[in-house]
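Just below is one structure, and these are the notes that go with it.
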Amino acid sequence: MKIQVKDYEKKYKFELKPITQICGQNIITKKYIIESIRRYFSGYKYAETKNRWRDNIEIDGELVGRKYYEIISISGKADLLEHIKMSKQSLMTEYLTEIINDYESQQSMEVIGCQIEKIFMELNNRLNDIGNIELTYSVSAVWDMIQKSYITSSGEENIEDMNGYEMYCIFFNILEKVMNFKPKRLWVILENIDHLVSSEEYEELYTRMHKISQNYEIYFIISISLDRYAIINKSTIEGVVIINNEILQLDELHNIKEFIEYNYPYNKEFDSEKIIGILRRIVHKIGKKGYLTSVEDNVVCKVFNDTLLEKEKIDYSCKKVELAFLET
């Protein structure tokens with residue numbers, strides 16, 4: 001699925017995979033692309049005057065209906081909490097609504113309704129003694145009670161105290177339950193997920209997203225900018241989009257390997273694992289000018305880190321032709 005996002009005359013193009021990792025450090029452009037998608041499919045009302053947002057999303061070269069896909073957008077813990085808690089448009093409310101509408105749940109609700117009716121009959125018998133008045137209640141009162149309930153952890157702790165990884169696990173659990181009840185075309189935007197979970201936790205969450213995307217029509221759009229987070233291997237590499245001064249989407253691994261070996265300063269063969277390791281370390285710097293640091297920069301950084309007991313050494317062993325290439 002090819003996506004084009006326009007900003008007046010500028011056009012940003014990439015191919016949307018079931019999981020697309022948007023990497024790079026051009027935060028302004030990354031945020032514009034994500035905000036464009038969010039506005040387009042969330043039913044955002046545009047001003048009638050000319051603006052950069054109106055009809056600026058094309059899929060496979062065509063404008064699609066703004067309700068063709070649903071959007072869930074997570075940009076921080078507040079958005080995760082919004083979907084875990086009971087709120088008007090949360091995933092949790094949608095999930096509980098489907099449970100209540102289930103046949104067996106309806107039977108239980110009818111039993112509860114009968115018991116409530118008995119209570120109100122008794123109360124009204126007592127009220128008749130003091131005048132021509134009575135209590136009434138709506139059949140939706142039980143659902144209202146559920147909506148006004150609070151979601152806590154199993155230990156009755158505030159869910160606000162959970163860490164990002166725990167919240168994401170719960171979010172994905174609810175998402176999967178909702179999609180099982182009511183499948184739909186859905187895009188899930190996870191913005192700056194690397195600010196909430198560790199790289200190891202992100203890898204586990206990525207595996208979970210992969211399994212979900214195989215079972216449902218869900219596309220995950222993930223924005224990351226911290227080093228060593230991007231999941232890059234033979235099966236995920238084509239879903240890596242790098243946004244810096246330029247936009248680049250990585251090709252199949254064997255094509256990347258051939259490209260590097262053909263353009264390397266001297267004849268050198270790389271194995272696939274070596275290429276993957278290098279890409280994970282440099283992915284946010286590709287297409288960005290000024291990424292190379294001087295020897296003085298590295299020495300000063302090491303001075304600080306040695307004092308902080310974060311000792312590290314750099315392997316500067318290289319061939320003259322490699323050093324000459326870096327100086328050109």
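The structure presented is a predicted model; accordingly, all values stated were derived computationally and were not measured.
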Point to revise | N245 (side chain) donor-acceptor with K288 (main chain) under 3.5 angstrom | key: no
Study note, to complete from the structure: Hits for ring-ring contact (aromatic ring centres under 6.0 Å, His included) against Y216, two or more places apart or cross-chain, chain-then-number order -> none
Practice item. List in chain and number order the residues that pass salt bridge (Lys or Arg N to Asp or Glu O under 4.0 Å) with K257, two or more places apart in sequence or in another chain; answer none if no residue qualifies. Key: E261
Exercise for review: Check whether the side chains of R38 and S73 place a donor and an acceptor atom closer than 3.5 Å, and report yes or no.
Suggested key: yes
**Study point:** Expected output: side-chain R66 to main-chain R39 donor-acceptor under 3.5 Å
**Key:** yes
Exercise for review: Find out whether I19 and H210 are in side-chain contact, i.e. whether some heavy atom of one side chain is under 4.5 Å from a heavy atom of the other.
Suggested key: yes
Check your understanding: Would you say the side chains of E176 and Y95 form a donor-acceptor pair under 3.5 Å?
Key -> no
Review point. Hey, does the side chain of H83 reach the backbone of M92 with a donor-acceptor pair shorter than 3.5 angstrom?
Key: no
Check your understanding: Which residues satisfy the ring-ring contact (aromatic ring centres under 6.0 Å, His included) test with Y40, sequence neighbours excluded?
Key -> none
Revision key, fill the gap. Residues passing the salt bridge (Lys or Arg N to Asp or Glu O under 4.0 Å) test with E238, sequence neighbours excluded, are none
Review point. With a 3.5 Å cut-off and no angle check, do the side chains of R208 and N173 form a donor-acceptor pair?
Key: yes
Practice item. May I ask you to decide if the ring planes of W187 and F41 are parallel, tilted or perpendicular, using 30° and 60° as cut-offs? Key: perpendicular
**Study point:** Side-chain touch Q249/E15, heavy atoms, less than 4.5 angstrom
**Key:** yes
**Study point:** Residues that, via side-chain heavy atoms closer than 4.5 angstrom, fall in one hydrophobic cluster with V283
**Key:** I232, I237, V240, I242, L248, L250, L253, I256, F259, I260, Y264, Y266, F270, I275, I276, I278, L279, I282, I286, V321
Exercise for review: Please identify each residue that fulfils side chain to side chain donor-acceptor pair (under 3.5 Å) with E269, with sequence neighbours left out.
Suggested key: none
Check your understanding: Within a strict 4.5 Å, meaning less than it, do heavy atoms of the Y168 and L80 side chains meet?
Key -> yes
Check your understanding: Side chains of L16 and I221: closer than 4.5 Å at any heavy-atom pair?
Key -> yes
Exercise for review: State plainly whether the residues K285 and D227 are in salt-bridge range, i.e. N to O under 4.0 Å.
Suggested key: yes
**Study point:** Test side chain to side chain donor-acceptor pair (under 3.5 Å) applied to S36 - qualifying residues, sequence neighbours left out
**Key:** N56
Exercise for review: Could you list the residues that satisfy side-chain contact (heavy atoms from CB on, under 4.5 Å) with D79, not counting sequence neighbours?
Suggested key: I74, S75
**Study point:** Transitive ILVMFWY cluster of M121, excluding itself - 4.5 Å side-chain cut-off
**Key:** none
Check your understanding: Under 3.5 Å, side chain of K30 to main-chain N/O of I224, donor-acceptor pair present?
Key -> yes
Check your understanding: Can you tell me how far the CG atom of D7 sits from the OH atom of Y32, to the nearest 0.5 Å?
Key -> 4.0 Å
Exercise for review: Could you list the residues that satisfy salt bridge (Lys or Arg N to Asp or Glu O under 4.0 Å) with E70, not counting sequence neighbours?
Suggested key: K184
Exercise for review: Answer with yes or no whether the side chains of Y229 and E203 bring together a donor and an acceptor at under 3.5 Å.
Suggested key: no
Exercise for review: Taking side chain to side chain donor-acceptor pair (under 3.5 Å) as the test, write out the residues that go with N124, two or more places apart.
Suggested key: none
Point to revise | side chain to side chain donor-acceptor pair (under 3.5 Å) partners for D60, two or more places apart | key: none
Study note, to complete from the structure: Looking only at heavy atoms, the pair that brings S223 and I34 closest together is CB-CD1, 3.6 Å
